[in-house]
Amino acid sequence: YDLESWRTCHQASVMIGNMFTKSSYLSIVLIDEIKAKYSKPIQRLSDEASFLTGRGKSLYGEVSVKLKKLQILADAHNIKVARSSAAQQEARQGEVVKANLTLKQQEIICHEEQHALVLAGAGAGKTTTIVAKTAQLVHIKNIDPRRILLISFTNESKNEMASRLSELSSELSSVDVKTFHALGYD
């Protein structure tokens, strides 16, 4: 195998290892970039895997498995980060969110991607979760509430979200809450 493939394999090993030592959320974009950058060189090495010995074979095996399971590893890491972050935020939030949240709701609130889609059955706590996430964005992450759009299917849930946001703080009442129909009409 060539030296460049070996270097790439080593870089992938270091980069993947370093990713999981950080206490920050790993985005889908980052995972996709790593896969795009390292999958072909690692595949090239797999064609020559029978020639690898010792540390080279061990390193190739380690990186190959991690690349294949990268999304699963990232999801597990992100859950740990979300749980840790939820505990830290709970201590900082104080009165921001007055509801008791389940662990899953806390994970959703700590979700770091730009967009979030919350789907769940009736009475599962969707409105509570969305309101808490909005409060976290405004009061903890310092996002301008006028830059947040919450979309609901029914007027009833739209009004409920708007009401709960207003109850939490006057700043949250400037969050734009619409139904799909109103958004299309505008």
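This chain uses plain numbering: 1 for the first residue, then up along the sequence.
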Q | Residue pair Val138, Ile148: steps toward the side chain to side chain contact (heavy atoms under 4.5 Å, CB included) verdict | A | CA-CA 9 Å; Val138 173; Ile148 298 173; 3.7 Å; yes
Starting from [Y], can I reach [X] by hopping between I/L/V/M/F/W/Y residues whose side chains sit under 4.5 Å apart?
{"X": "Met15", "Y": "Ile31", "result": "yes"}
{"X": "Leu172", "Y": "Ile143", "result": "yes"}
{"X": "Leu149", "Y": "Ile130", "result": "no"}

What distance separates [X] [atom1] from [Y] [atom2], expressed to the nearest 0.5 Å?
{"X": "Ser163", "Y": "Leu168", "atom1": "OG", "atom2": "CG", "value": "9.5 Å"}
{"X": "Thr134", "Y": "Met161", "atom1": "OG1", "atom2": "CE", "value": "8.0 Å"}
{"X": "Asn155", "Y": "Lys178", "atom1": "CG", "atom2": "NZ", "value": "12.0 Å"}

Q | side chain to side chain contact (heavy atoms under 4.5 Å, CB included) between Leu165 and Leu150, worked out | A | CA-CA 11 Å; Leu165 288 167; Leu150 303 179; 3.7 Å; yes
Q | Heavy-atom donor-acceptor pair, Lys126 side chain to Gly121 backbone, under 3.5 Å | A | yes
Q) When you measure from the side chain of Ser166 to the backbone N and O of Ala162, does any donor-acceptor pair fall under 3.5 Å? A) yes
Q: Show the numbers, then the answer: is there a side chain to side chain contact (heavy atoms under 4.5 Å, CB included) between Thr179 and Phe153?
A: CA-CA 5 Å; Thr179 64; Phe153 192 73; over 6 Å; no
Q: Report the C-alpha distance between Met19 and Leu73 in whole Å, list the side-chain angles of each, state the deciding distance to 0.1 Å, and finish with yes or no for side chain to side chain contact (heavy atoms under 4.5 Å, CB included).
A: CA-CA 10 Å; Met19 281 175 33; Leu73 294 169; over 6 Å; no
Q.
Run the salt bridge (charged side-chain N to carboxylate O under 4.0 Å, His left out) test against Asp144 and tell me which residues pass, sequence neighbours left out.
A. Arg146
(Q) Which residues pass the salt bridge (charged side-chain N to carboxylate O under 4.0 Å, His left out) test with Glu160, not counting sequence neighbours? (A) Arg164
Q: For residues 26-36, pull every pair meeting salt bridge (Lys or Arg N to Asp or Glu O under 4.0 Å), keeping only residues two or more places apart or in separate chains.
A: none
Q: Say whether Ser157 and Thr154, considering side chains only, have a donor N or O and an acceptor N or O under 3.5 Å apart.
A: yes
Q | Any side-chain heavy-atom pair of Leu67 and Ile16 under 4.5 Å | A | yes
